[in-house]
Colleague: 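First, the structure itself, so that you have it in front of you.
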Amino acid sequence: MVLGFYSSSCRALFRSIPPSHRRHNYIARPLHQIWKAGMATPARMQPPWKEPKSKEAAKLKVWNSLTRSKNEFVPIDPEGKVVKWYSCGPTVYDDAHLGHARNYVTIDILRRVLAGYFGYNLRFVQNITDVDDKIILRGRQQYLLAGFKAKNLTVTDELINTTIKAFDVYVKKNLPLLSADVNIGTFNQESAQKYANVIQGKSVDGVGPAGDKEAKIKMHLKTAGTAATALLAPSKSLPEDVKLFYAGAEDVLLPYLDSLNGTSIDASDHTIFTRLTQKYEARFNEDMQSLNVLDPDVVTRVTEYGDQIVTFVQKIVDNGFAYSTSDGSVYFDIDAFEKVSGNHYARLEPWNRGDKGLQADGEGALSQQKTSEKRSDADFALWKSSKPGEPAWKSPWGPGRPGWHIECSVMASDVLGEQMDIHSGGIDLCFPHHDNELAQSEAHWSQKEGGHQWVNYFLHMGHLSISGSKMSKSLKNFTTIREAIGRGDWNARSLRIIFLLGGWHDGIEITDDMRKGGSSWESYLTNFFYKVRDLEVHPNISSTGAEDEKVRQSFEAAKEKVHNALADSFDTPSAMRAISGLITDYNSADKAGLSDGVSFDVARYITRMVRIFGLDGLADPYDGGIGWAGIDIPSVAKEFVYAVSRERDEVRQHAIAGDLSGAALEDIIAQHKLAQIQEASAVPYAEVLSTFQENLRDLAEKQAPAKDFLDLCDQLRDTHLWSLGIYLEDRDNAPAMVRPVDAELQAARDQKEAIARQKAEAKIKREREEAEKKAKLAKQAKINPLEMFKTDEYSAWDADGLPTKDKDGQDVAKGKSKKLRKEWEKQKKLFEEHARGAAS
């Protein structure tokens, strides 16, 4: 059992978690229990790595950030079966965005491959960071804003004046290029001038490309601009005005109110902060479920580890690798750590160890003040003394709270012990977070001689970027997962395919080409599954098996390619190409000579792989199934839809052959007898069948031509079944294939209908223009040529009504006279034709 693996302290921890905080799978079933049929049980598992026959299968190697190279994967477990894995979880103070999806979905893919393909028994632990500087600041700000709103339920003078002050402070702090006297009235014009380069997508100086700095400026411009708009709004007297006002002004009010009152709150009331974290932890869990990310085996929270963190830090102090300061903080002593043989700091990114910006980010927004007691600027906080307005826990050094990095060290060590196989997270965590974790954990577990190995393999996921900048909560340049799912931009499968088509530790920037590539890959597999599943209904009884060996050779080659790709540090892009390549080879085979058994074997393997990749929910990869969710019609529909499809096929055959007699029709209909009572959910499908049969009999009674029967068959396909989400795909020399109406079919129909509408609209426009032209011509034809030029432009005319002098009495020029004569003759002809027509 999984519980047997964990220490008694871990069990005690689980029992101590309040039920309201528990996730149903905190100490979860291994994947072989989640995948119903025991797929990870060695006795019944058929590991794919034994399948390639041409040579000995490649052994798994992984890209290890710790060595910056690919290393053979060898678990700590003496039997090589159990893998201990700690993954950095979310900091829960806002909704998760697509950048988080990139991290957690990709980790989930690697986890599934390790367990479902390579057969390891994982112990997967993920933390929830529910206390850090960002959470403290956000929780405090939200608390203060709520109190401020309660006092200002309408747009009062106090609210406006406070917001103006907040706006001024925000602009001066974050937009230094603006003048000192900029105000809400001049902001838009001045910011457009001073930050023109940034607004146009360039760097601040207009020379280099835009980056994170420019993304942050854009965020500040938007925040200040929104607040200015709220302040300048003409009406602030209606009940809804206050909501709109706060929506625009909130982001400048939050830091301002905190600067005024943040230190005065009762920080012993931890609900000020946990109210925020519990809300967003629950929403994070919902987001992960919507993306089909498996639950961790164990979830840990920082706020439940106060005592363990104090004990852990004290051990580091006792080992001589940390020191306390007079304010009650404890810092890691990098110099002392590195003086011991075998200890090295910043092993993941040694080139960044002097980066003061990254060091400051690692210490947190509330910890920027310097202390002369720090032995080195690079030394980082293990324990922070709590200032007014910050939550605190008891410690030997005084009231304080954990440093950011120590949290993961303590939680991972408590659950997994003094060593683990894998530690994972986003690439931005390498330095300082994971480097600091490594140092302090090895300092805790090592003896005086040093050299303890805490983690064997570090796996870091690449970023997801937008316009060259990574998604970031602080930059507010993100789309949340629930927004993207809710709008239909992505679903669990389509987003996961995008990540599978990219390297797990490479950066990804989603482009239109990438979207099209992912959609194409999904459609390619869906159409393959349709074809093979159709063989279950319409077996290929005429096959000779002549193509079997050819397809099996492609099959074996593809399995070997997939295995080699996954063994080569989870190279999912190559594995995905091998799978689609196998389908290409299958599609090119002569199906008349291919036995159904081979088709089913290929389809079961591909199904197994896509399920291992997490592309089909929690479906068991080893249950022998074919396909993934979305390729089947409802079960209650099958009896009636397959019956009506068969009848339609036979009617079409007879109608085309010209021998559809009444007797033949009755023989076709008689093959299916409707039950007297159907389930309520089956009634719409039963009605389609019975209505089709009635319409066939009506046509037969009228002795209608074959065309009417064929039109009725088209109507069944294009209207009646389509409206129920089912499509009949007609094929040459084969029964129609029954399939659901999917997004691809719907898009094709929408495009076809749009083209038809455009043609119809163009026709109407042409007809209207022609009618207007005819009307204009008819009106023109009624004008007598003797009168057509008798206007103010001329003063004299000849007997035919042609002008001889202009309005000033000057003779009309010869050239113009010739031109007027041509127009006169054309009108004379038109007038005479009109007169003849009227007379007739």
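No experiment lies behind these values; they were computed from the predicted model shown. FYI, side chains are in, hydrogens and waters are out, and symmetry mates aren't considered; it's all heavy atoms of this structure.
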Colleague: Does any non-hydrogen side-chain atom of Leu175 lie less than 4.5 Å from one of Leu178?
Modeller: yes
Colleague: Pair Glu437, His423 - check side-chain hydrogen bond (donor to acceptor under 3.5 Å, both in side chains), show working.
Modeller: CA-CA 10 Å; Glu437 274 189 56; His423 194 325; 2.7 Å; yes
Colleague: Do Asn103 and Ile427 have side-chain heavy atoms sitting under 4.5 Å apart?
Modeller: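 No, side chains not in contact.
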Colleague: Between Trp404 and His433, how do the two ring planes meet: parallel, tilted or perpendicular, split at 30° and 60°?
Modeller: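 It falls in the parallel class, under 30°.
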Colleague: Quick one: side-chain hydrogen bond (donor to acceptor under 3.5 Å, both in side chains) pairs with a partner in residues 149-158, sequence neighbours left out?
Modeller: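 Every side-chain hydrogen bond (donor to acceptor under 3.5 Å, both in side chains) pair that includes a residue of residues 149-158, provided the two are not neighbours, is Asn152-Thr156.
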Colleague: Please list all pairs passing the salt bridge (Lys or Arg N to Asp or Glu O under 4.0 Å) test where one or both residues lie in residues 390-400, with sequence neighbours left out.
Modeller: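 Those involving residues 390-400 are Lys387-Glu390, Glu390-Arg401.
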Colleague: Within the distance-only criterion (no hydrogens, no angle test), does the side chain of Glu214 pair as donor or acceptor with the backbone N or O of Gly211 below 3.5 angstrom?
Modeller: yes
Colleague: May I ask you to decide if Trp490's main-chain N or O and Ser494's side chain share a donor-acceptor pair within less than 3.5 Å?
Modeller: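 A pair under 3.5 Å: no.
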Colleague: Just by distance, do the side chain of Glu281 and the backbone of Ile128 share a donor-acceptor pair under 3.5 Å?
Modeller: no
Colleague: I need the Trp504 CH2 to Ser424 OG distance, nearest 0.5 Å.
Modeller: 9.0 Å
Colleague: Does the side chain of Trp397 come within less than 4.5 Å of Ser329's, by heavy atoms?
Modeller: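 The answer is no; the side chains never approach within 4.5 Å.
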Colleague: Taking Thr303's backbone N and O only, do any of them form a donor-acceptor pair with Asp130's side chain (distance below 3.5 Å, no angle check)?
Modeller: yes
Colleague: So, does Asn352 use its side chain to make a donor-acceptor pair with the main chain of Asp355 at under 3.5 Å?
Modeller: no
Colleague: Go through it in stages, so that I can follow the logic: the residues are Phe431 and Leu348, the test is side chain to side chain contact (heavy atoms under 4.5 Å, CB included), and I'd like the CA-CA distance, side-chain angles, deciding distance and then a yes or no.
Modeller: CA-CA 7 Å; Phe431 185 89; Leu348 293 169; over 6 Å; no
Colleague: Quick check for you: to the nearest 0.5 Å, what is the distance between Tyr143 atom OH and Phe273 atom CZ?
Modeller: 9.5 Å
Colleague: Sort out for me which residue in Leu438, Asp435, Ile422 forms a side chain to side chain contact (heavy atoms under 4.5 Å, CB included) with Phe458.
Modeller: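 Of the listed options, the one satisfying the test is Leu438.
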Colleague: Do the side chains of Lys134 and Asp94 get close enough for a salt bridge, i.e. N-O under 4.0 angstrom?
Modeller: no
Colleague: Would one find more than 12 heavy atoms of other residues, nucleotides or ligands at under 6.0 Å from atom CG of Asp307?
Modeller: no
Colleague: Is there side-chain contact between Tyr246 and Leu253, with at least one heavy-atom pair below 4.5 Å?
Modeller: yes
Colleague: Check Ala267 against Gly389 and note the closest heavy-atom contact, atom names and distance.
Modeller: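 Scanning both residues, the minimum pair turns out to be CB-C, 3.7 Å.
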Colleague: Do any N or O atoms from the side chain of Thr106 and from the backbone of Arg102 form a donor-acceptor pair under 3.5 angstrom?
Modeller: yes
Colleague: Is the closest side-chain heavy-atom distance between Ile316 and Ile406 below 4.5 Å?
Modeller: yes
Colleague: I'd like to know whether Gln126 forms a side chain to side chain contact (heavy atoms under 4.5 Å, CB included) with Met288, so could you lay out the CA-CA distance, the side-chain angles of the two residues, the decisive distance to 0.1 Å, and finally the verdict.
Modeller: CA-CA 13 Å; Gln126 182 173 284; Met288 293 302 102; 5.9 Å; no
Colleague: Only one of Gln141, Gln142, Arg140 forms a side-chain hydrogen bond (donor to acceptor under 3.5 Å, both in side chains) with Asp258, so which one is it?
Modeller: Arg140
Colleague: Determine the minimum heavy-atom distance between Ser441 and Phe312, stating which atoms define it.
Modeller: CA-CZ, 4.3 Å
Colleague: Report the distance from atom CD of Gln289 to atom CZ of Phe284, rounding to the nearest 0.5 Å.
Modeller: 10.5 Å
Colleague: Test your reading of the model: is there a side-chain donor-acceptor pair from Gln359 to the backbone of Arg353, 3.5 Å cut-off?
Modeller: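 Checked: pair present.
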Colleague: Kindly compute the distance separating CD1 (Ile107) from OG (Ser87), expressed to the nearest 0.5 Å.
Modeller: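 Output value for this atom pair is 3.5 Å.
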Colleague: About how many Å separate OG of Ser259 and CG of Leu144, when rounded to the nearest 0.5 Å?
Modeller: 10.0 Å
Colleague: Within 45 degrees of the axis of the six-membered ring of Tyr323 and under 6.0 Å from its centre: does Arg375 put its NZ or CZ there?
Modeller: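 Yes - Arg375 lies over the ring of Tyr323, closer than 6.0 Å to its centre and within 45° of its axis.
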Colleague: Kindly indicate, with the supporting measurements, whether the criterion side-chain hydrogen bond (donor to acceptor under 3.5 Å, both in side chains) is fulfilled by Trp383 and Ser395.
Modeller: CA-CA 9 Å; Trp383 186 261; Ser395 82; 3.2 Å; yes
Colleague: Between His434 and His460, how do the two ring planes meet: parallel, tilted or perpendicular, split at 30° and 60°?
Modeller: tilted
Colleague: Please tell me if the side chains of Phe245 and Thr163 come closer than 4.5 Å, counting only heavy atoms from C-beta onward.
Modeller: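 They are in contact (side-chain heavy atoms under 4.5 Å apart), so the answer is yes.
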Colleague: Does this structure show an ion pair linking Asp108 with Arg496, if we count only N-O contacts that are shorter than 4.0 Å?
Modeller: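 So Asp108 pairs with Arg496 through a salt bridge.
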Colleague: Less than 4.5 Å apart, side chain to side chain, heavy atoms only: is that true for Tyr331 and Leu382?
Modeller: no
Colleague: Donor-acceptor pair, distance only, cut-off 3.5 Å: does the side chain of Arg111 make one with the backbone of Leu294?
Modeller: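 Flag set: sc Arg111 to bb Leu294 pair under 3.5 Å.
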Colleague: Do the side-chain N and O atoms of Thr129 and Asn127 include a donor-acceptor pair separated by under 3.5 angstrom?
Modeller: yes
Colleague: Hey, are the side chains of Ile481 and Asp95 touching, using non-hydrogen atoms and a 4.5 Å cut-off?
Modeller: no
Colleague: Keeping the roles fixed (side chain from Lys202, backbone from Ala210), state whether a donor-acceptor pair exists under 3.5 Å.
Modeller: no
Colleague: Examine His220 together with Tyr170 and report whether their ring centres are nearer than 6.0 Å.
Modeller: yes
Colleague: So, for Cys430 and Glu349, which heavy atoms are closest and what is the spacing to 0.1 Å?
Modeller: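 So the two residues come closest at CB-OE2, 3.3 Å.
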Colleague: Look up atom CD in Glu483 and atom CG in Asp489, then write down how far apart they are to the nearest 0.5 Å.
Modeller: 9.5 Å
Colleague: Give a yes or no answer on whether the side chain of Arg283 reaches the backbone of Ala96 with a donor-acceptor pair at less than 3.5 Å.
Modeller: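 Judged by distance alone, no pair lies under 3.5 Å.
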Colleague: Is the centre of the Phe332 ring less than 6.0 Å from the centre of the Phe337 ring?
Modeller: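 Phe332 vs Phe337: aromatic centres under 6.0 Å.
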